[in-house]
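Per chain, numbering begins at 1; letters A, B, ... match sequence-line order. Fair warning: this is a prediction, and the values are worked out from it, not measured in the lab.
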Amino acid sequence: MRLGMVIDLKRCMACYGCQVSCKAEHGTPPGVFFARLVKREEGNYPTTRQLFLPVLCNHCEDAPCVSACPTGASYYAEHGIVDINSDICVGCRTCMMACPYGNRYFHGEESYYFGEAGPTPYEEARTERHPVGVVMKCNFCRHRLAEGQEPACVANCAAKARTIGDLDDPDSDVSRLIKERNGFTLHPEAGTKPKVYYLE
Amino acid sequence: MSSKRYDQLIADLRSDYRPQREWGEGRGILMVIGHFLTGVAGGTWLMASIFGVPQGLFVAFAAGVLGGIVHLLFLGRPERAFNMVRHVRTSWVSRGFVGLGLFLMGGGLYLAIITLLPPGGVWNLVAIVAQVIAAIGTVTIIGYMGFCYAASKAIPFWNSPLHPAIYIAFALRGGIAALLVVAVPSDATTGDSLLRLWIGVTAIIVLLLLIEIYGAMSRGNVAARWSARDMLAGRLAVLFYGGTLTLGLIVPLLLLLGTSAFRPPVVMAFIGLASVAGDFFMKASIVKAGVYLPLVLPLRRQGA
């Protein structure tokens with residue numbers, strides 16, 4: 001089984017729901033965004049348009065972050081999910097330079113959203129998941145998948161723009177959507193075989 | 001994360017060309033210093049071995065030790081550094097870590113033997129083994145940095161096949177420059193040979209850099225073009241023109257031309273120091289110029 005995700009850009013309304021729900025699920029520290037929305041303006045007045053692109057770890061099949069990692073902290077988990085073992089990571093950040101999608105973040109120091117006021121009870125409850133001095137990234141919410149739930153960004157997408165499923169199963173929703181709507185990946189030229197597809 | 005750094009990150013994430021700041025800014029400058037010292041260590045050991053300059057071996061070893069310490073200080077979790085021996089098969093950082101370890105072990109043992117023990121006997125054999133280990137380490141630390149950058153798919157400016165050659169040349173130039181500082185006062189003949197070599201390697205570096213920058217500007221990815229522009233006419237121009245070109249190239253050349261008839265050792269030493277400083281600024285410029293591949297839809301989709 002190869003777990004993949006499809007993001008329908010026609011459905012996406014750039015509400016930041018994925019980014020916020022991911023923050024809420026993982027309680028990631030300030031400056032760490034497992035899922036985020038890229039907004040970009042293109043063209044020159046008057047022919048301009050705004051592009052929205054929700055991004056997250058692409059869980060590549062040939063993940064350059066895994067081969068660049070000197071310790072084996074970045075690894076392929078079940079169903080091809082790329083994850084980080086924070087007990088081994090040394091915080092060299094080589095993986096961040098290897099990832100063509102820029103979806104890895106270094107958690108350098110303990111920090112909280114309300115600064116000197118310290119952690120909120122919510123942040124306190126989540127902090128132990130995030131050791132300091134290591135790199136962090138999306139893991140398709142493995143803990144939720146293990147309980148039979150969808151990743152937070154999928155479950156909380158108001159427009160139902162996100163679908164997760166088995167790319168090896170030709171009858172799965174993701175395979176069908178990719179085939180019917182000609183799904184594409186970001187930076188295919190990097191040769192990393194990403195498993196997050198986009199539809200337009 | 002301080003609010004200033006947070007605001008910086010948010011601004012970076014919003015920009016089309018997000019600069020990499022993890023290697024090169026804040027504590028990240030330790031990575032640049034570590035790579036610089038390690039390169040100088042490898043180059044100096046090699047040159048000192050070729051020219052038979054024992055002082056050079058000591059300088060190389062000291063630079064290697066310092067480089068190793070600085071690398072450790074850069075890591076988020078230095079206490080786990082030994083984990084880095086685990087992925088030699090695929091990771092250049094891992095190979096560099098093992099290479100530096102071999103260099104320090106072999107080099108340290110060799111220097112201890114030639115310094116503390118009388119020549120002859122079984123220690124001669126141990127010294128040869130130590131030299132071989134140090135040589136393997138030397139070759140690795142001279143080579144790994146360029147490959148490490150070239151394997152960075154996120155940063156198109158580094159992701160160039162020329163990068164390893166440039167870093168190897170920098171290591172050699174650093175080694176020659178270090179010998180100009182430590183060896184010349186005692187030996188004028190060696191000094192002249194070193195100067196000729198310095199001119200040759202510098203010419204190769206200038207050529208390689210010109211090809212790399214021209215390649216980035218003409219055929220490179222948009223992010224590579226942005227990096228090259230940043231270095232030549234943007235936020236890193238002062239570092240590049242002031243540090244790399246003036247200090248690393250023009251000052252040594254002026255010293256060379258101005259003293260063509262007779263070069264006192266102190267001038268040789270200044271040439272070496274200026275050259276080493278220039279190399280540091282060049283490496284810092286290249287690292288800081290790195291910007292991430294922009295996240296855009298494939299071209300065929302953009303017009304859709």
Rounded to the nearest 0.5 Å, what's the gap from [atom1] on [X] to [atom2] on [Y]? Could you check?
X	Y	atom1	atom2	answer
B:S152	A:R93	OG	CZ	13.5 Å
A:F106	B:L9	CZ	CG	13.0 Å
B:I155	A:M96	CD1	CE	9.5 Å
B:L72	A:C92	CG	SG	12.0 Å
A:L186	B:L293	CG	CG	10.5 Å

Tell me which of these, [options], has more heavy-atom pairs under 4.5 Å with chain A than the rest.
options	result
B:R14, B:R86, B:R80	B:R80
B:S94, B:S15, B:C148	B:S94
B:V93, B:V85, B:V88	B:V93

- Partners of B:R77 by side-chain hydrogen bond (donor to acceptor under 3.5 Å, both in side chains), sequence neighbours excluded? B:E79
- Message: Using heavy-atom distances under 4.5 Å, tell me whether B:I10 contacts chain A through its side chain, its backbone, both, or neither.
- Response: side chain
- Message: Please classify the contact of B:R5 with chain A as side chain, backbone, both or neither, using a heavy-atom distance under 4.5 Å.
- Response: side chain
Do side-chain atoms of [X] reach the backbone of [Y] as a donor and acceptor pair under 3.5 angstrom?
X	Y	result
A:H187	B:V296	no
B:K153	A:P64	no
B:N83	A:T71	no

- Query: Which residues, numbered in order, of residues 16-27 of chain B come under 4.5 angstrom of chain A by heavy-atom distance?
  - Reply: B:D16, B:R18, B:Q20, B:E22, B:W23
Heavy-atom pairs under 4.5 Å with chain B, option from [options] with the top count:
options	value
A:S111, A:G191, A:P131, A:A190	A:S111
A:P29, A:G115, A:A98, A:C65	A:A98
A:L9, A:L53, A:V38, A:I88	A:I88

- Side chain, backbone, both or neither of A:V135 within contact of chain B (heavy atoms, under 4.5 Å): neither
- Task: Let me know if A:Y105 has heavy atoms under 4.5 Å from chain B in its side chain, its backbone, both or neither.
- Result: side chain
- Message: Show me the pairs that pass ring pair (Phe, Tyr, Trp, His ring centres under 6.0 Å) and involve residues 45-95 of chain A, at least two apart or across chains.
- Response: A:H59-A:F140
- Message: With a 4.5 Å cut-off on side-chain heavy atoms, are A:R36 and B:L295 touching?
- Response: yes
- How about A:V90 and B:F74: do any of their side-chain heavy atoms sit closer than 4.5 Å? no
- Which pairs pass salt bridge (Lys or Arg N to Asp or Glu O under 4.0 Å) with one or both residues in residues 226-237 of chain B, sequence neighbours excluded? B:D230-B:R235
- What orientation do A:Y113 and B:Y6 show, parallel under 30°, tilted 30 to 60°, or perpendicular over 60°? perpendicular
- Item | A:P70 versus B:S91, closest heavy-atom pair with distance | CA-OG, 3.4 Å
